[in-house]
Amino acid sequence: MNAREFKEVAEFLMEKSTAGAFEEGAYRTSISRLYYYIFLEIRDTILFSDPRTGMRNKLRGGKAHRSVREYLRKVGHTINNEDLKDATELLYSLHELRKDADYETGKLIRREDVERAIAYVEEIKNILDGLEYNGTLGSLEDVLTYLRINGQLPRM
């Protein structure tokens, strides 16, 4: 599955909500799809780049959301990159926004909340595509490959 489709679904719903077809349901669903887009992109990058025994189980179960954030935080610490630590916090904030959208039916979810989710996703993506490590610039996949080769992948 291409996780990018989730982002495209969110964009489609936002276009339809502008036309007056949907409103709060589109906002809630858009936030959820945006979260799952970036979560799956990160998780799949980790799974692709870190083939250690047990990693698949850790990142596919009920605690996968926390495990992905913990993994990113540890990578940020390993390469001493504050931006990656910031991306982890943004992912946490987006996760909280997604939980509100999915479960807090008494709370009004507005277009501004979707715009905030979009901003979180864009910032996370920018950070993960332009990480500085070991004197070079690269993506999260590049960093994880470097850490794997050098035996420095974070313990989980």
Compare all side-chain heavy atoms of [X] with those of [Y] and state whether any distance is below 4.5 angstrom.
X      : Y      : answer
Leu91  : Ile42  : yes
Leu147 : Ile79  : yes
Arg52  : Leu153 : yes
Phe6   : Leu40  : yes
Leu72  : Leu140 : yes
Met55  : Tyr71  : yes
Pro51  : Arg56  : no

Carboxylate-amine/guanidinium proximity below 4.0 Å for [X] and [Y]:
X      : Y      : answer
Glu89  : Arg73  : yes
Lys125 : Glu41  : yes
Lys99  : Asp102 : no
Arg66  : Glu70  : no
Lys7   : Glu11  : yes

Minimal non-hydrogen separation, [X] against [Y], with atom names:
X      : Y      : answer
Leu144 : Thr45  : CD1-O, 4.2 Å
Lys58  : Ser67  : O-OG, 3.7 Å
Arg33  : Ala10  : CB-CB, 4.2 Å
Ala87  : Ile124 : O-CG1, 3.9 Å
Ser49  : Glu141 : OG-CG, 3.6 Å

> Just one of Leu131, Leu84, Thr88, Asn81 clears the side chain to side chain contact (heavy atoms under 4.5 Å, CB included) bar with Val75, so which one?
Replying inline: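 Output: one option passes, namely Leu84.
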
> Using a distance-only test with no angle check, is there a side-chain donor-acceptor pair under 3.5 angstrom linking Asp142 and Thr145?
Replying inline: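 Note: Asp142 and Thr145 side chains miss the donor-acceptor criterion.
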
> Side chains of Asn80 and Tyr133: is there a donor and an acceptor less than 3.5 Å apart?
Replying inline: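 Checked: Asn80/Tyr133 side chains show no N/O donor-acceptor pair below 3.5 Å.
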
> Hey, mind stepping through Arg111 and Glu115 against salt bridge (Lys or Arg N to Asp or Glu O under 4.0 Å) and telling me if it holds?
Replying inline: CA-CA 6 Å; Arg111 183 173 199 84; Glu115 291 166 355; 3.8 Å; yes

>> Let's go through Tyr146 and Gln152 carefully: what are the C-alpha distance in whole Å and the side-chain angles of both, what is the deciding distance for side-chain contact (heavy atoms from CB on, under 4.5 Å) to 0.1 Å, and is it a yes or a no?
In response: CA-CA 8 Å; Tyr146 172 82; Gln152 296 178 304; 3.9 Å; yes

>> Show, in sequence, the C-alpha distance, side-chain angles and deciding distance for Val114 and Leu34, and conclude whether the side-chain contact (heavy atoms from CB on, under 4.5 Å) test is met.
In response: CA-CA 9 Å; Val114 180; Leu34 287 163; 4.3 Å; yes

>> Membership question, hydrophobic clusters at under 4.5 Å side-chain separation (ILVMFWY): are Leu59 and Phe48 in the same one?
In response: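 Result: no, two separate clusters.
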
Has [X] got a side-chain atom pairing as donor or acceptor with [Y]'s backbone, closer than 3.5 angstrom?
X      : Y      : value
Arg4   : Tyr37  : no
Asn126 : Glu122 : yes
Lys74  : Arg155 : yes
Glu24  : Ile109 : yes
Asn57  : Gly54  : no

>> Quick check on the 6.0 Å ring-centre criterion: do Tyr92 and His65 meet it?
In response: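 Not close enough - the centres of the two rings lie 6.0 Å or further apart.
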
>> Using side-chain contact (heavy atoms from CB on, under 4.5 Å), reason through Arg110 and Asp113 one step at a time and then give a plain yes or no.
In response: CA-CA 5 Å; Arg110 303 171 320 241; Asp113 297 313; 3.9 Å; yes

Once you round to the nearest 0.5 Å, how far does [atom1] of [X] lie from [atom2] of [Y]?
X      : Y      : atom1 : atom2 : answer
Leu97  : Ile31  : CG    : CD1   : 4.0 Å
Glu132 : Asp83  : CD    : CG    : 8.0 Å
Leu13  : Ser30  : CG    : OG    : 4.5 Å
Asp100 : Leu108 : CG    : CG    : 11.5 Å

> Taking the inter-plane angle between the rings of Phe39 and Tyr36 on a 0 to 90° scale, is it parallel (under 30°), tilted (30 to 60°) or perpendicular (over 60°)?
Replying inline: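 Judged by the thresholds at 30° and 60°, the geometry between Phe39 and Tyr36 is perpendicular.
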
> side-chain contact (heavy atoms from CB on, under 4.5 Å) between His95 and Arg69: does it pass, once the steps are laid out?
Replying inline: CA-CA 10 Å; His95 184 248; Arg69 290 191 309 267; 3.5 Å; yes

